[in-house]
2 protein chains.
Amino acid sequence: MKRQPEQAETGSTTLDVAERLVQSRGFNGFSYADVASELGITKAALHYHFRSKAELGQALIARYASRFGDALESIDTGDEPASTKLQAYADLYLGVLRDERMCLCGMLAAEYSTLPDRMQQTVVRFFDDNYAWLQRLLETGRVDGSLQFTGTAEAAAQMIVSTLEGAMLVARPYRDTARFQSVASLLIAEFTRDGRSVPRRRAREP
Amino acid sequence: MKRQPEQAETGSTTLDVAERLVQSRGFNGFSYADVASELGITKAALHYHFRSKAELGQALIARYASRFGDALESIDTGDEPASTKLQAYADLYLGVLRDERMCLCGMLAAEYSTLPDRMQQTVVRFFDDNYAWLQRLLETGRVDGSLQFTGTAEAAAQMIVSTLEGAMLVARPYRDTARFQSVASLLIAEFTRDGRSVPRRRAREP
DNA sequence: GTCTATAACGAGATAGAC
DNA sequence: GTCTATCTCGTTATAGAC
């Protein structure tokens, strides 16, 4: 994978611009011309760095997944309880939404059937990695007592990803991060029975 | 809005074909040529019925919202407890996913920023109507005792829509309705304390 | 590494015959 | 209501000069 030249004016690279466009407009909603004009170069120059749109898309997912993985590692290194780490996980999503973006792979999941094979595979791997990380976190939380849930950690992990991705999806048209935060709070409250983050917790067992 | 001529061969109308294409590929992932070729007519003939793609898209959301509203009304007419109606609501999503489709408005929510103004407004109205319906259902359920939740019915409604839309979004790449059902079960279990409607139930799956 | 120029194609849309 | 034919534009991608 080729290195990108830095853009002196804004510091934005090709990948930065393309990533933002995909996250806001979708992979089928942007063009080489869009990226090139923002960077102040020509489409031909773009093709020098990424021979095809599929290759650019592939590089986007790879970088996104890599950074996301780094963020998860960073969360892991702390010695906070699992519940705090779950909140940090949700905050990753919030940060994306604050930028008026959709999760890159959430967006690509919507367009999934139109994507090149290689991109499809990498999108799935992104989610698999998320599930695996969450599963470990949930099992840790069960042990340290900071997280409670019924059923398997696998199912709970799917619940968490589904809810956060969906909350981003439906909050974005309203340009209202509070909607997302409200849902994220309820979600986390389900996993932290003491319910400090929610008012009037429901009494399950005395 | 013009009436559509029935297609003798399959019974599929223009709206049927276009709807399926949008739900599986996105609004920016299909063309007039795609629809026309499936119907066995020309693009020009399509333009007779829908002068622009924006108009076609508008008609798609209108019909989808209308049918969804009918389904909600149909759920409402029964005298089952609210918890049963909530399960019926989730099953509406499941039916869409079984067809390997995304919720039409969930898909359009992803592409939101690229949509014509009128379509944007109608997508938002679809979600508003869903929230309003769920809010009423939740409050009814609180009264009849079949549903329990903390916080406002409004927040709970957003939680439900977020989770179901997100579960569809992330389950589709895996072509695995069981993933969706697992999440939907956990979601409904949160709202039904006795949990009788939940455990390991595989509704109508061969 | 970036440019101009252009190829090759597909998109949305229209005109006018039947 | 559907057709053929065409227009215009945007898209991905390449060739070759600098």
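Note: hydrogens, waters and symmetry copies are ignored here, and every other heavy atom, side chains too, is used. Naming: A, B, ... by sequence-line order, numbering from 1 per chain.
By the side chain to side chain contact (heavy atoms under 4.5 Å, CB included) test, B:A33 pairs with B:S31, B:K43, sequence neighbours left out. Take A:E100 and apply the side chain to side chain donor-acceptor pair (under 3.5 Å) test, not counting sequence neighbours, and it matches A:R175. Here B:R172 pairs with nothing under the side chain to side chain donor-acceptor pair (under 3.5 Å) rule; sequence neighbours left out. Listed by chain and residue number, nothing satisfies the salt bridge (Lys or Arg N to Asp or Glu O under 4.0 Å) test with B:E154 (two or more places apart in sequence, or in another chain). Taking the side chain to side chain donor-acceptor pair (under 3.5 Å) definition, one finds that A:T177 meets it with nothing, sequence neighbours left out.
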Check: protein-nucleotides 8-12 of chain C nitrogen or oxygen pairs below 3.5 Å:
residue : atom : partner : partner atom : Å
C:dA11  : OP1  : B:S31   : OG           : 3.2
C:dG12  : OP1  : B:K53   : NZ           : 3.1
C:dG12  : OP2  : B:Y32   : N            : 2.9
C:dG12  : O6   : B:K43   : NZ           : 3.4

Please list, for nucleotides 15-18 of chain C, all pairs of protein and nucleotide N/O atoms separated by less than 3.5 Å.
none

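Applying the salt bridge (Lys or Arg N to Asp or Glu O under 4.0 Å) test to residues at least two apart or on different chains, none of the pairs has a partner in residues 130-144 of chain A. Pairs engaging residues 110-144 of chain A under the ring-ring contact (aromatic ring centres under 6.0 Å, His included) rule: A:Y64-A:F126, A:F68-A:F126, A:Y89-A:W133 [sequence neighbours left out].
For the pair A:L46 CG and C:dT4 P, the interatomic distance rounds to 14 Å; values are reported in whole Å. In this structure, the CZ atom of B:F50 is 18 Å from the C1' atom of C:dT14, given to the nearest Å. When the P atom of C:dC3 is taken as reference, atom CG of A:L39 falls 10 Å away, rounded to whole Å.
Distances shorter than 4.0 Å separate some side-chain N or O of B:Y48 from OP1 or OP2 on D:dG1. Using a 4.0 Å cut-off, no side-chain N or O of A:T42 falls inside it from OP1 or OP2 of C:dT2.
In this structure, B:T84 contributes its side chain and B:E80 its backbone to no donor-acceptor pair below 3.5 Å.
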